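Every chain is numbered from 1 and lettered A, B, ... according to where its sequence line falls, protein lines coming before strand lines. Just so it is clear, the structure is predicted and the values come from calculations on it, not from any experiment.
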Amino acid sequence: MQKPSLPKGTRDFGPVQMARRNFILDTIKETFQLFGYQQLETPAMENLSTLTGKYGDEGDQLLFKILNSGDFLKNVSPEDLENGPAAMLPKVSEKGLRYDLTVPFARYVVMNRHELTFPFKRFQIQPVWRADRPQKGRYREFYQCDADVVGTDSLLCEAEIILMIHQVFGKLGIQDYSIKVNNRKVLTGISEAIGEAGKEGPLCVAIDKLDKIGKEKVEEELKQRGFGDESISKLQPLFEAQPGNFQEGIQFLRGFLEESPIGLKGLEELEETSRILASLGGSMDHVAFDFLLARGLSYYTGAIFEVKAHGVKIGSVSGGGRYDDLTGVFGMPGVSGVGFSFGVDRIYDVMEELGLFSESDLSAPQLLLAHFDEKGFQYAAGILSAARTAGIRAELYPDLVKMKKQLDYASKKGIPYVGICGDSEIETQTIALKDLASGEQSQISLKELIKKLS
RNA sequence: GUGAUUGUAGCUCAGCUGGUUAGAGCGCUGGUUUGUGGCACCAGAGGUCGCCGGUUCGAACCCGGUCUUUCACCCCA
């Protein structure tokens, strides 16, 4: 007999976890729908050609590839073997598991461009797979909840993203968090302002580590990446700036970027987003302007978001931004959009660590019908049917066992009420309804039972 | 990919410098109680010590490998 086990980085979700996960997923889904997004699902697997080359070399390494069916070696020659794994791969695998939801979405938009009405607002809640090494808040199979709008440049979308984040976190009861915002144009402006135009990529990679490795190490890394001493010294004010709020941050950067039109444009967009948010009745609560925030620089071109929960040592729980050319790689240029994603698994971890889940299991049945013998079982079956018709989540204990065991079952499963059906109940056409929490018990009619529980 | 770390009963963990029948708490099953759970008491079941190999008279313990857990780096949700 073999011991069963789970692949590395994957998890089972039991009834309690599923009830909690569904609470999070339903909250996110309802919010997306409330804001006019419609649901899309795509296959777990995509053609490998769709996936490769979209996430950089490192990303390609993290793709799960699916071995071809049948004789997967039939196209492989001895020379292929010598040429190494990279040359072999396309001959033995033509499909892979999706790595994120953005690329499949781009593929979908391109394939359905003639049917879609733009601006197109879609949301997608599905698992993705990455052959990463698991650790805290990082799994090989996890859910992403993406919402994107394509085909509009309006900053209304950005403002609505902030609203949706407020709404979701509010409903989940997560209070201590921050929404860091920045704009890619600001980063471009910064690199211009220090005389290193076009090098915002390496600049951000280095600066991003400021919290972790400290100022000196960042400067060292910048030197290694070919930044001059003069440029690095021009960065000093940014390291030292401690703007108290969003407006102060904008003011500070306005001075720093006065020579850079593109940088100033980025600041304007941020301010405009804030104005739209206000006119939508939203607030800038939790929003912080972090002008060093980088994130997935490869394709973001405008706003950048990242949400972090405080009090829990875990990566970001949500993030996103605006991109100008989502579908260019698939031969459909000029489709701009903005999107963001909630990381359900990390939100779950945060809520668990903060003790934010409610004690009661909302998925448990409300009523268990218990019995002493075959006669009681028959009587209870009739009650069961009536209770279910009335919409009460109910079940009948299936075996003829001791009352003790039946009560124990209800208690452990989190069922609040037990309806006991014995001879005296049959005689008087009642049910002995026991409240397990208080231990109180009363003889009531079927009608009263339904009234009480529905 | 780099560097650590973990693995003993269903769960959480003890187990001394290698030495006889590997323990505890909780949980589980049954009983005290044949129409009533939680509390108490009593009894009982349950372990190839992750796996493979090596050292040794002898390995849960030492060595090598492998898988697994957790964590950091890289990167990311």
Inset, instruction - If rA60(B) has a Watson-Crick or G-U wobble mate with both distances under 3.5 Å, name it; if not, just say none. - result: none

Inset, instruction - Indicate, with a heavy-atom threshold strictly under 4.0 Å, whether G439(A) touches base, sugar-phosphate, or nothing. - result: base

Inset, instruction - Classify the nucleic acid contact of D408(A) as base, sugar-phosphate or nothing, counting any heavy atom under 4.0 Å across all strands shown. - result: sugar-phosphate

Inset, instruction - Apply the test side chain to side chain contact (heavy atoms under 4.5 Å, CB included) to residues T50(A) and V103(A): give CA-CA distance (whole Å), side-chain angles for both, the deciding distance (0.1 Å), then the verdict. - result: CA-CA 8 Å; T50(A) 304; V103(A) 165; 4.2 Å; yes

Inset, instruction - Please measure how far the C1' atom in rC16(B) lies from the corresponding atom in rA60(B), and state the result in whole Å. - result: 14 Å

Legend entry - First encountered from the 5' end of RNA chain B, between D132(A) and E440(A): E440(A)

Legend entry - Between S154(A) and T152(A), a side-chain donor and acceptor under 3.5 Å: no

Legend entry - Nearest-neighbour nucleotide for the F372(A) side chain, rC74(B), rG35(B), rA72(B) considered: rG35(B)

Inset, instruction - Please determine, by modelled atom types, if S336(A) and D324(A) share a side-chain donor-acceptor pair under 3.5 angstrom. - result: no

Legend entry - Interatomic distance at P, rA22(B) relative to rU32(B), whole Å: 33 Å

Legend entry - K136(A) side-chain proximity, nearest of rC74(B), rG30(B), rA72(B): rA72(B)

Legend entry - Euclidean distance, atom NZ of residue K405(A) to atom P of rG31(B) [Å, nearest integer]: 10 Å

Inset, instruction - Would you check if F342(A) stacks with the base of rA77(B), given a 5.5 Å centroid limit and a 30° plane limit, both strict? - result: no

Inset, instruction - For rA45(B) versus rU2(B), give the span between their C1' atoms, rounded off to a whole number of Å. - result: 47 Å

Legend entry - salt_bridge(E46(A), K54(A)) N-O dist < 4.0 Å: no

Inset, instruction - Would you mind classifying the nucleic acid contact of S424(A) as base, sugar-phosphate or nothing, using non-hydrogen atoms under 4.0 angstrom? - result: base

Legend entry - Spacing of the P atoms in rU5(B) and rA72(B) (rounded, Å): 15 Å

Legend entry - Whole angstrom value for the distance that separates P of rA77(B) from CD1 of I314(A): 13 Å

Inset, instruction - Using the six-membered ring wherever Trp is involved, compare the ring planes of F120(A) and F105(A) and label them parallel, tilted or perpendicular (cut-offs 30° and 60°). - result: parallel

Legend entry - d(OH, Y139(A); P, rC75(B)) in whole Å: 21 Å

Legend entry - Sugar-phosphate only, base, or nothing, as touched by D100(A) at under 4.0 Å among non-hydrogen atoms: nothing

Legend entry - G-U wobble or Watson-Crick pairing nucleotide for rG25(B) (cut-off 3.5 Å, both distances): rC11(B)

Inset, instruction - Check every atom of rG35(B), rG1(B), rA77(B) against the side chain of R133(A) and return the nucleotide holding the closest atom. - result: rG1(B)

Inset, instruction - Confirm from the modelled atom types if Q441(A) and rU36(B) form a donor-acceptor pair under 3.5 Å, side chain to base only. - result: yes

Inset, instruction - Run through K413(A), Q406(A), K405(A) and flag the one making a side-chain hydrogen bond (donor to acceptor under 3.5 Å, both in side chains) with Y409(A). - result: K413(A)

Inset, instruction - Assign E425(A) to base, sugar-phosphate, or nothing according to its heavy-atom contacts below 4.0 angstrom with the strands shown. - result: base

Inset, instruction - Go ahead and name the base partner of rA40(B); Watson-Crick or wobble counts if both distances stay under 3.5 Å, otherwise write none. - result: rU32(B)

Inset, instruction - Taking only the side-chain heavy atoms of A432(A) (C-beta and beyond), determine which of rG37(B), rG35(B), rA77(B) contains the nearest atom. - result: rG35(B)

Inset, instruction - Describe the nucleic acid contact of A437(A) in one word from base, sugar-phosphate, nothing, applying a heavy-atom distance below 4.0 Å. - result: base

Inset, instruction - Using whole Å, report how far CD1 of I420(A) lies from C1' of rG37(B). - result: 10 Å

Inset, instruction - Quote, to the nearest angstrom, the P distance that separates rG27(B) from rC41(B). - result: 12 Å

Inset, instruction - With C1' as the reference atom in both, quote the distance from rC51(B) to rG7(B) in angstrom, rounded to an integer. - result: 11 Å

Inset, instruction - Look at atom CD of Q175(A) and say whether more than 12 heavy atoms of other residues, nucleotides or ligands are closer to it than 6.0 Å. - result: no

Inset, instruction - Rounded to the nearest angstrom, tell me the gap between atom NZ in K434(A) and atom P in rG37(B). - result: 7 Å

Inset, instruction - Pick the P atom in rC71(B) and in rU12(B), then give their distance to the nearest Å. - result: 15 Å

Inset, instruction - Nearest whole angstrom, please: distance from the P of rC73(B) to the CD of Q61(A). - result: 20 Å

Inset, instruction - State whether the number of non-hydrogen atoms from other residues, nucleotides or ligands found under 6.0 Å of K171(A) atom NZ is greater than 12. - result: yes

Inset, instruction - Could you give the distance separating rU17(B) and rC57(B) at their P atoms, to the nearest angstrom? - result: 22 Å

Inset, instruction - Look at all strands and tell whether S341(A) reaches a base, only sugar-phosphate, or nothing, counting heavy atoms closer than 4.0 Å. - result: nothing

Inset, instruction - Give a yes/no answer on whether the side chain of K413(A) brings an N or O atom under 4.0 Å of OP1 or OP2 in rG37(B). - result: no

Inset, instruction - Look at the side-chain N and O atoms of Q135(A) and state whether any lies under 4.0 Å from the OP1 or OP2 oxygen of rU70(B). - result: no

Inset, instruction - Determine the contact category for G137(A): base if any of its heavy atoms lies under 4.0 Å from a base atom, sugar-phosphate if only primed atoms, P, OP1 or OP2 are that close, otherwise nothing. - result: base

Inset, instruction - Could you tell me the separation between the CD atom of Q443(A) and the C1' atom of rU36(B), rounded to a whole number of Å? - result: 12 Å

Legend entry - Per K412(A) side chain, nearest of listed nucleotides rU2(B), rC28(B), rC76(B): rC28(B)

Legend entry - Protein-nucleotide distance (K8(A), atom NZ; rC71(B), atom P), rounded to Å: 13 Å

